[in-house]
Structure formats: structure tokens, C-alpha cells
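FYI, side chains are in, hydrogens and waters are out, and symmetry mates aren't considered; it's all heavy atoms of this structure.
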Amino acid sequence: MPEQEQDQQKQGALRRIFQLIPGILLCGVVTVISLGIQAAEERVFDHPYIEALVVAILLGMAVRTAWEPSARWRSGIAFSAKQLLEVAVMLLGASISFAAIVASGGLLIGAIAVTVVIMLAVSYGLSRMLGLKTKLAILIACGNSICGNSAIAAVAPVIEADGDDIASSISFTAILGVLMVLGLPLLIPLLKLTATQYGILAGLTVYAVPQVLAATVPAGIVSTQIGTLVKLVRVLMLGPIVIGLSLLVARRRKAGAAREGTSKAASISPFKLVPWFIIGFLVLAALRSFQLVPDIAIAPVTKTAAILTVVSMAALGLGVDVRVLSTVGGRVTAAVTLSLMLLLGLSIGLVHFFK
């Protein structure tokens, strides 16, 4: 009997794996096309103005609009949207060294941290005032304040955001991110910014690292170096924010269980307070900081995380109903735009401090 049960369990596991394959392959096809479009952008413009993960969402939404996946595809799509995204977030830890924070200087680190915290609160408050749901407001706040699409993708599994919220926040954030790259250099003569000041401004306001490069290269090597440094320190703020959100979500879940009954509340394990992929993220970051992760492994791990993120975004796009996005489009656009304008104003004030 035990052998029969083991055989049944193995067959069940294999059956579940085979059920995932069609949906994962579909997400993989969308991913390959998206990466190809980004590669074409890089050849033409040197830098991708619209990243592959944004293209993947848009392509996925286009497919979903023309064709609704049947049950055969849904399990693999759902797996790609959640589990693969969690793996990608965990792998990002290997690319972060705590030593990079210390090397940036205490004053600049403090200024970046304060800017991120202020904008998180302001952006979230604006989104809620505009009537957006709590989870969507959190995604918009993190995207605007930290690192755009990457922050949204990292925070989404922690707060258990649905595909519609993720897709709408990323789509509008991506559009404004491109406009920032194109328009930010115009502020150099208007505000009489030095190379260092402009580098700080670009690092604080532009969403993605490639976009920071695109925005600062025209201003010279000093702006590019400063902008990249500030942007990387800003990205490092993602770790503490994600951990804080995971603890907050776990605390609310435990409080809700306590209201339902003490026995259910007591059954919540303390190991579930922080999601497994966040623990993995911290472990890999610590290993990287102590130089236990070889430099030769960083590029492949980072590339793998990036590809898995694009696969997850393709899955999210395939699960998005465009009609749902149309109901929140105006409010999301207003929230993202106002938040970005406030971030720009705060950053301009900060760069004049760093004379």
C-alpha cells in the first residue's frame, strides 16, 4: 500500500508538471519576442527606451484581448506569474553588495533614503486620495519612489497584488519613464545644473538603470557615473522596503486570524512572517557582501533573474482584461504623473543642496 501511494504521488506530481508546460511555453514565446524587440532597440538607439518586461506585458495583453486562454494554458500562466517572479526576486540578492552602500558616502545615502521614504508616503497618499485600491497605491508608490517596473515586480508578490493592478501600474509608469529620459536633459540649461547636479537629479528621478544611462550620456561621463551611483543606491532601498512590507502583511494576516479565533492565530508559524524568496534574497546579498559569490557568477544570475521577470510579466499580461484597466486608467495616470512631478521637484531642491 505505501508503495502504491508513492507511485500515485509521483504520477500526480508529474501530471501537475505536464499541466504547467503549455502555459509556461506560451509565456516563453512572448518573452523571446519581447527580448528581441529590446535587442533591436539597443542596436538602433544604443539603449532600450522600452524595456522587454514592458513589451512583454503589452504583448501578453494584446494576445489576451484577441484570445482568452483555456484551462489548458491557465495553470502554467499562473505559475509563471507568481512562482517564477518570486525566484527572480530572490536571485536579485546575488547582485547586491552591502559594501556598495557604505562606499557611496553617508550624506548622499541619507539624502537618497529620505527622498525615497518621503515619496513613498506622498505617492501612496495621492493614490488613495484619487480612489485607487490599497495594493495598487502601494505598487505606484514603490514604482515612482524606487526603481519603476523592477520595484513593482518585486513588491507585487509580497503584497499579493493581482495581475490587473501590476499591469496597469507598470504600463503607465513605463510611459512616463520614457518621457523622463527624453525631457530631463532639457533641465540642464534651464536650471543651470552642473554635471554632478544633473547626475544626482537623473539618478533620483529616472526609473530604470538603462534609462539613467540614456538620460545622462548626453551630459558627459561625470553625469553618467554620478547618475548610475545614485540610481544603484536608490535601487538598494528596495530590499528594506520589501522586507518591511512583508512584515506588515504578515502582521495584518496574523491579526485577522486572531480575530477569527485564537487557535488559528497560534497556528501561524513565525517562519511565515517573511516570504521564502525574501529570505533567499537576504542570504544571497549577504553571501555577495562577504565575497562568497564569485564575480563570474554575478552576470549569469542577474541575467537569469531578468529573463524570469520578463516571463512573469508576459504571464501577467496574458491574464489581464483590458476592460478592467480602462476603468482605472485616468486615476492611475493622474497618480503616477503627480507623484513623478513631486519627486522631480523634491530632487531639484536636493541637487541644489549638493553644490
Side-chain angles (χ1 to χ4, degrees), residues 38 41-42 45-55 95 100 104 108-109 111-120 122-123 139-155 169-191 193-238 241 306 309 333 335-352 354:
Q38 177 175 307
E41 288 185 78
E42 291 172 347
F45 305 110
D46 292 331
H47 300 286
Y49 287 97
I50 303 177
E51 295 175 301
L53 61 87
V54 178
V55 177
S95 64
S104 301
L108 184 57
I109 292 173
I112 296 170
V114 169
T115 301
V116 170
V117 171
I118 291 175
M119 285 311 306
L120 278 171
V122 171
S123 185
L139 293 178
I140 291 174
C142 292
N144 274 282
S145 306
I146 306 174
C147 51
N149 303 326
S150 299
I152 293 171
V155 169
S169 56
I170 283 184
S171 298
F172 293 110
T173 300
I175 293 171
L176 287 180
V178 174
L179 294 178
M180 282 293 293
V181 171
L182 298 175
L184 199 64
L186 300 176
L187 296 181
I188 298 176
L190 290 176
L191 301 178
L193 299 175
T194 66
T196 298
Q197 288 177 321
Y198 179 70
I200 294 174
L201 180 63
L204 285 173
T205 56
V206 178
Y207 293 140
V209 174
Q211 290 177 338
V212 170
L213 294 174
T216 54
V217 165
I221 186 63
V222 174
S223 290
T224 301
Q225 292 174 341
I226 296 294
T228 303
L229 175 63
V230 171
K231 178 59 188 174
L232 289 176
V233 175
R234 186 175 159 210
V235 170
L236 291 175
M237 290 290 295
L238 181 60
I241 296 300
T309 302
T333 303
V336 175
T337 303
L338 289 173
S339 297
L340 183 57
M341 293 301 101
L342 288 171
L343 174 61
L344 184 60
L346 181 61
S347 301
I348 289 173
L350 183 63
V351 298
H352 283 292
F354 285 95

In a table with atom names and distances, give each donor-acceptor pair under 3.5 Å that connects a side chain of residues 339-347 to protein atoms at least two apart or in another chain.
residue	atom	partner	partner atom	Å
S339	OG	S123	OG	2.8
S339	OG	A335	O	2.7
S347	OG	L343	O	2.8

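For the side-chain contact (heavy atoms from CB on, under 4.5 Å) with L201, the qualifying choice from L193, T216, I188 is L193, the only one to do so. Checked against I152 for a side-chain contact (heavy atoms from CB on, under 4.5 Å), the options L139, N144, I140 give a single hit: L139. The residue from M237, R234, M119 that alone fulfils the side-chain contact (heavy atoms from CB on, under 4.5 Å) condition with S145 is M119.
Residues satisfying the side-chain contact (heavy atoms from CB on, under 4.5 Å) criterion with A195, sequence neighbours excluded, are V222, S223. A search for side-chain contact (heavy atoms from CB on, under 4.5 Å) contacts involving A153 returns L85, T309, M313, not counting sequence neighbours.
Residue A215 comes nearest to V206 through the heavy atom pair CB-CG2, 4.3 Å, listed as atom of the first residue, atom of the second, then distance.
Distance check, rounded to the nearest 0.5 Å: CD1 of I200 to CD1 of I348 gives 13.0 Å.
At least one side-chain heavy atom of L238 sits less than 4.5 Å from a side-chain heavy atom of V155.
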Worked check of side chain to side chain contact (heavy atoms under 4.5 Å, CB included) between L184 and Y198: CA-CA 9 Å; L184 199 64; Y198 179 70; 3.9 Å; yes

